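For reference, the structure is listed below as structure tokens.
Proteins come first, then strands; the chains are lettered A, B, ... in the order of their sequence lines, and each starts at number 1. For clarity, every value in this text was computed on a predicted model and none was experimentally measured.
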Protein chains: 2
Amino acid sequence: MLRISKLTDYAIVVMVELGESPGAVLSAQALAERSHLELPTVSKVLKLLARHGLVRSYRGAHGGYRVTRPTAEISVAEIIGAIEGPIAMTECSVEVGLCSQEHVCGLRSNWQRISAAVARAMEEVSLAEMSRPARPSEPGLRIATLNA
Amino acid sequence: MLRISKLTDYAIVVMVELGESPGAVLSAQALAERSHLELPTVSKVLKLLARHGLVRSYRGAHGGYRVTRPTAEISVAEIIGAIEGPIAMTECSVEVGLCSQEHVCGLRSNWQRISAAVARAMEEVSLAEMSRPARPSEPGLRIATLNA
DNA sequence: GCCATATAGTACCATATTAGTCCTGTTTCA
DNA sequence: TGAAACAGGACTAATATGGTACTATATGGC
């Protein structure tokens, strides 16, 4: 568990696909075919990505989408953020007052710190890196913890 | 988003509470009161934790639960794992064959690497650390990424 | 100017997951 | 032997998610 949502998953796939042709304007239809996903789903994802400025949309005939930045400058965190909102492991990591137990719990500061660390990790993974398989030889991601 | 489930959240709270009295055997009822949670919920969580060996249960009158190890030796990852199963950001990070798009996707190796990194981070946060508020001065968690 | 194409926004429904509760059975202690 | 307490599983209700559809708006070509 600790899953990203399916929509987010699709968003990454679509962004990878878009990133393959940085200059071209691709329609939602074309992207759906290339991604092996349904058009309405791809469409929904693209709207969210456009609203957050990760892709630029072109309306009308011959319209479509293209990435606004080189894939090396787009992070996985941004894509997750566009679809799901802020990366936070618990309600209370987002902001104060969201959890009714806040005054008796005391875990908030730790959850905030953990969430921030995970967010930072996702920020350091670019779309360009996602586009090519991780080599087995490559050292894995390392996440420094509370004491680091 | 990227949330842990509420049940997992409760599990951490309950474990923190149990960890405060390492020797004592506390009933689900007592833990529910101390945690400000409902008994059935606390009960459910404790059963899962017991099944995974994180707490030892004692049945019968004066029964209850106690932690099986010092809190410094119990990781947040273990608790998440007990309630939610393996830490994985996507279906495909768990094992091959879970995602129908596997042969056309190519993102699997990267998701596995990212999931592993997040899991490792959670393994490095102990219940003892969760029990006391993170000091603001404390450097945050850092998660090294694909290139690190 | 008009029509075809394509995205924007929103609202909706169906389904899956999660949370929460309850019941029945078993164990232990007094 | 009875009360206290956990084990396991089944069930219900609430929520979240995924997926779809509809209307409006913009663009480009004939």
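Set against C/dT28, C/dC22, C/dT7, the side chain of B/Ala61 has C/dT28 as its closest nucleotide. When distances run from any side-chain atom of B/Lys47 to the nucleotides D/dG19, D/dG8, C/dT21, the shortest one goes to D/dG8. In this structure, of D/dT17, C/dG20, D/dA5, it is D/dA5 that holds the atom nearest to the side chain of B/Ser27. Closest approach to the B/Ala50 side chain among D/dA7, C/dG20, D/dG19 is made by D/dA7 (side chain taken as heavy atoms from C-beta onward). When each of C/dA8, D/dG29, D/dG19 is scored by its nearest atom to the side-chain atoms of A/Tyr10, the top-ranked nucleotide is D/dG19. Considering only side-chain atoms of B/Pro40, the nucleotide from C/dA30, C/dA19, C/dT21 that sits closest is C/dT21. Relative to the side chain of B/Ala28, the nucleotides C/dA19, D/dC6, D/dT17 differ in distance, and D/dC6 lies closest.
Counting heavy atoms from C-beta outward, A/Val45 and A/Leu37 have side chains that stay 4.5 Å or more apart.
Contact annotation: B/Tyr65 side-chain N/O to D/dA7 OP1/OP2 distance is under 4.0 Å. In this model, the phosphate group of D/dC6 is not approached by any side-chain N or O of B/Ser43 to a distance below 4.0 Å at OP1 or OP2.
For the pair A/Lys44 NZ and C/dT10 P, the interatomic distance rounds to 13 Å; values are reported in whole Å. Atoms CG (B/Leu18) and P (D/dC6) sit 11 Å apart, rounded to a whole Å.
Taking 3.5 Å as the limit, the base of C/dT26 and the side chain of B/Arg59 contain a donor-acceptor pair of atoms between them.
Residue-level contact check: B/Gln29 touches neither bases nor backbone, having no heavy atom under 4.0 Å from any strand. Within 4.0 Å of A/Lys6, counting heavy atoms only, lie sugar-phosphate atoms of the nucleic acid but no base atom.
A salt bridge does not link B/Glu38 to B/Lys44: none of the charged side-chain nitrogens sits closer than 4.0 Å to a carboxylate oxygen. Look at B/Glu78 and B/Arg69 and you find a salt bridge, because one of the NZ, NE, NH1 or NH2 atoms lies within 4.0 Å of a carboxylate O, short of that distance.
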